[in-house]
Amino acid sequence: MLLSARAFPVLSTICKSKTSWKLVRCCNFYCCPHRNNNHVSTISYLTQRINHFTTLASARTTSTISKISSERISTKGRKKAHQELPESILKHKLDMCSKYKKLDEALELYDEARKNGVQLSYYHYNVLLYLCSSAAADLLPESEDKAHNMNAKNLGMSRGFEIFQQMKLDNVELNEATFTSTARLAAAMEDPEMAFELVKQMKSAGIPPRLRSYGPALFGFCKKGEASRAYDVDAHMIECEVAAEEPELAALLKVSIDTKLGEKVYDMLHRLRSSVRQLSESTATIVEEWFTSDYAADVGRATWEEAKVKEGIVNRGGGWHGQGWLGNGKWRVIRTNMNMKGVCQCCGEKLVCIDIDPAETVHFASSLTKLACQKESKANFLKFEEWLRQHGPFDAVVDGANVGLHNQHHFSFLDLNSTVNQLRYLSPSKKLPLVILHQSRVRGGPAEDPRNRKLLNKWKESGALYATPPGSNDDWYWLYAAVSCNCLLVTNDEMRDHLFQLLGTSFFPRWKEKHQVRTSYLRGVKLHMPPSYSIVIQESENGSWHIPTVTGDDIEDPRQWLCATRNGGTSVRTHS
């Protein structure tokens with residue numbers, strides 16, 4: 001009876017009910033094959049039917065349980081059997097060696113596995129190569145015994161190449177990780193030529209090299225001062241569409257300075273301008289080294305065609321001309337700041353604001369939608385897009401959580417409302433900005449206060465409030481709204497975490513510096529509008545340079561710039 005009750009909920013209800021027999025009597029007119037007043041016959045008939053259902057349910061349930069149990073046991077058994085394979089045991093142990101950087105133990109496991117005829121896959125070999133290359137590059141934990149550290153380094157190099165050769169002899173599949181680890185071994189042997197050759201082999205084998213694949217060869221050549229070979233690696237990267245980042249460009253800049261290749265220094269500064277924009281402290285130090293060198297004082301020309309330089313600046317969108325070093329004589333290099341209008345506090349030159357191509361904005365918004373739909377519920381985000389088409393465009397978007405939670409303790413609708421009112425006052429259309437809040441912020445807690453509820457209702461009725469759904473990341477919503485409307489974005493979020501790294505380093509930083517409004521709180525909310533100039537390396541028409549660093553980037557601590565001008569501050573020009 002229990003099985004039938006599980007299989008048929010209606011029977012369960014009847015059996016548990018106090019009026020079950022009353023229901024049975026009522027069923028006399030509908031369930032029995034003959035209408036009569038013989039209740040005993042009715043009960044007998046129903047009992048037979050219930051027994052029938054019970055038997056049927058029991059058989060089906062027993063069969064189902066047996067099948068499920070069999071499948072579970074089978075799956076569990078297969079999994080356990082797989083885990084007990086010598087290859088699986090070796091994989092687990094090697095993973096532990098990799099986690100705790102134990103090269104000696106990993107090599108013992110490898111030797112034992114080969115002795116016992118264990119089949120090694122590319123995964124086993126790659127873990128071993130990773131540990132060997134890490135030891136060769138002094139990346140394993142060091143001990144106080146320097147001789148032990150040197151032995152570990154030598155062991156990593158010798159056994160690493162042995163393992164790589166064995167991999168090829170066993171016809172094990174080679175992949176990008178294999179070649180990269182072996183290239184690191186070559187670099188540890190101070191053989192960047194071998195490291196570069198391995199990258200070329202990757203390409204010949206149809207394996208796309210990655211940025212990390214080029215590092216051993218590029219940094220190796222730069223370290224040895226072989227500038228021409230370093231440029232060859234750089235050219236190979238460009239050919240394979242692998243973009244150099246700040247460490248690679250800084251290394252190329254340094255070797256260009258060391259080998260007194262002024263034109264290459266000039267090229268590298270402009271590549272840093274286009275891809276990095278603001279320099280880390282280590283790279284800024286290299287740039288200072290160039291401008292303060294005696295050789296830099298001799299590089300450049302005293303006269304140039306002023307019209308051609310201006311034409312170059314216009315054609316390139318402003319901020320640089322690309323005509324080479326202008327002027328001559330020693331450089332004066334000073335760390336300084338810009339005022340609110342972008343005027344250098346050292347030389348008095350005003351920086352320019354470089355426009356963004358509107359087509360780039362449209363393309364970025366489209367890419368943002370695609371990425372958001374991969375990370376968020378596609379239906380939810382597309383619903384927001386449609387809502388934005390109906391209620392937009394807006395002159396400003398507010399990251400409600402960031403503004404309301406500025407003190408990290410209590411959500412302040414007062415500060416949020418003050419921000420909204422200031423933005424409405426600044427808006428040419430006097431339209432309310434769009435406030436993005438998570439649904440949890442518009443229900444419960446402070447939101448239920450009558451004044452706050454009235455405020456939320458006002459924004460909602462005006463089409464100026466969007467509550468993001470449960471489980472969503474509201475960062476996608478306020479960023480997309482600001483980009484698609486090409487408007488101001490009010491947030492103190494520096495937008496540097498993983499989510500924003502997905503957006504790349506080309507367009508997004510340029511868009512951010514032109515649209516982000518920061519806030520400070522002292523006797524109310526104060527808005528800090530985007531700078532009127534572009535925070536990027538700028539080359540002026542008189543030959544001076546202004547280079548932003550990453551040091552300082554908030555309201556209290558202004559960003560530091562390198563100001564590099566020729567002594568005397570002016571250069572002789574010829575007019576065309």
Side-chain angles (χ1 to χ4, degrees), residues 98 120-140 153-154 156-256 258-259 261 264 267-268 271-272 274-276 283 504-506:
S98 176
L120 273 70
S121 69
Y122 74 91
Y123 184 91
H124 299 110
Y125 280 111
N126 281 344
V127 173
L128 289 160
L129 285 171
Y130 165 74
L131 281 169
C132 287
S133 63
S134 296
D138 289 327
L139 297 178
L140 296 185
K153 181 174 182 176
N154 293 333
M157 283 189 285
S158 61
R159 293 302 305 272
F161 282 113
E162 173 198 317
I163 289 168
F164 177 65
Q165 293 301 326
Q166 189 62 52
M167 215 175 161
K168 293 196 290 186
L169 288 172
D170 292 345
N171 293 319
V172 177
E173 177 188 3
L174 307 180
N175 60 12
E176 181 272 333
T178 310
F179 282 106
T180 298
S181 291
T182 311
R184 288 172 178 165
L185 287 168
M189 292 181 64
E190 298 185 359
D191 191 349
E193 201 67 59
M194 181 192 293
F196 191 22
E197 186 59 36
L198 286 162
V199 177
K200 294 176 183 177
Q201 289 178 26
M202 286 177 65
K203 185 183 178 186
S204 299
I207 302 170
R210 293 167 59 180
L211 180 59
R212 68 178 189 176
S213 309
Y214 287 98
L218 180 66
F219 294 124
F221 283 128
C222 289
K223 184 178 179 181
K224 297 181 80 170
E226 297 182 28
S228 62
R229 297 299 287 143
Y231 301 145
D232 289 341
V233 177
D234 182 46
H236 198 277
M237 290 172 63
I238 295 170
E239 180 185 336
C240 293
E241 298 181 345
V242 175
E245 295 181 357
E246 184 173 5
E248 292 75 29
L249 293 174
L252 288 166
L253 175 65
K254 182 72 168 66
V255 76
S256 301
D258 292 343
T259 52
L261 297 172
K264 283 293 186 181
D267 290 342
M268 290 305 156
R271 286 179 65 181
L272 285 165
S274 63
S275 61
V276 180
T283 307
T505 58
S506 177

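Everything quoted here is computed from the prediction, not taken from an experiment.
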When rounded to the nearest 0.5 Å, the distance separating CZ of Phe164 from OG of Ser181 is 10.5 Å
- Using a 4.5 Å cut-off on heavy atoms from C-beta on, say whether the side chain of Glu248 contacts that of Arg271. no
Donor-acceptor pair, side chain of Asn175 and main chain of Ala177, under 3.5 angstrom
yes
| Considering only heavy atoms from C-beta outward, does the side chain of Leu218 approach that of Leu252 to under 4.5 Å? | yes
Would you call Asp234 and Lys264 a salt bridge, taking side-chain N to carboxylate O under 4.0 Å as the test? no
Next on the checklist: Tell me whether the count of non-hydrogen atoms from other residues, nucleotides or ligands lying under 6.0 Å of CD in Glu241 goes above 12.
Outcome noted: no
Discussion item. For Phe196, does the six-membered ring have the charged nitrogen or CZ of Lys200 within the cation-pi criterion, i.e. under 6.0 angstrom from the centroid and within 45° of the normal?
Written reply: yes
To the nearest 0.5 Å, atom CG of Leu140 lies from atom SG of Cys132 at 9.0 Å
Glu190 atom CD, neighbour heavy-atom count above 12 within 6.0 Å
no
Smallest heavy-atom separation, Val172 atom then Ser121 atom, equals CG1-C, 4.0 Å
Just checking Lys203: does its NZ atom have more than 12 heavy atoms from other residues, nucleotides or ligands closer to it than 6.0 angstrom?
yes
Tell me, with the steps shown, if Asp267 and Tyr231 meet side chain to side chain contact (heavy atoms under 4.5 Å, CB included).
CA-CA 12 Å; Asp267 290 342; Tyr231 301 145; over 6 Å; no
Is the shortest side-chain heavy-atom distance between Tyr125 and Asp170 below 4.5 Å? yes
Exercise for the section: Could you check Asn126 against Met167 for side chain to side chain contact (heavy atoms under 4.5 Å, CB included), going step by step and ending with a plain yes or no? Expected result: CA-CA 10 Å; Asn126 281 344; Met167 215 175 161; 3.9 Å; yes
Rounded to the nearest 0.5 angstrom, the CD-CZ distance for Gln201 and Phe179 is 5.5 Å
Shortest non-hydrogen pair, Pro216 vs Pro192, comes out as O-CB, 4.4 Å
Note: Glu226 and Val255 closest approach over all heavy atoms is N-CG2, 4.5 Å
Closest non-hydrogen atoms of Ala136 and Leu185, given as atom of the first, atom of the second and distance, are CB-CD2, 3.9 Å
How about CZ on Phe219, more than 12 heavy atoms from neighbouring residues, nucleotides or ligands closer than 6.0 Å, or not?
yes
**Study point:** Electrostatic pair Lys254-Asp258, nearest N-O below 4.0 angstrom
**Key:** yes
(message) Checking Lys224 against Arg229 for the side chain to side chain contact (heavy atoms under 4.5 Å, CB included) test, could you report, in this order, the C-alpha distance in whole Å, the side-chain angles of both residues, the deciding distance, and whether it holds?
(response) CA-CA 10 Å; Lys224 297 181 80 170; Arg229 297 299 287 143; over 6 Å; no
Under the 3.5 angstrom rule, does the side chain of Gln165 hit a backbone N or O of Glu162 as a donor-acceptor pair? no
Could you check Asn154 against Met157 for side chain to side chain contact (heavy atoms under 4.5 Å, CB included), going step by step and ending with a plain yes or no? CA-CA 5 Å; Asn154 293 333; Met157 283 189 285; 3.6 Å; yes
Nearest heavy-atom approach of Ser213 to Met202 is OG-CE, 3.8 Å
In this structure, OG1 of Thr178 is separated from OH of Tyr123 (nearest 0.5 Å) by 12.5 Å
Side-chain touch Met237/Leu211, heavy atoms, less than 4.5 angstrom:
yes
Less than 4.5 Å apart, any side-chain heavy atom of Arg210 and any of Thr180? no
Output for pair (Leu139 CG, Lys153 NZ), nearest 0.5 Å, gives 10.0 Å
Separation between CG (Leu174) and OH (Tyr122), nearest 0.5 Å, reads 12.0 Å
Of all heavy-atom pairs linking Ile207 and Glu176, the shortest is CG2-N, 3.8 Å
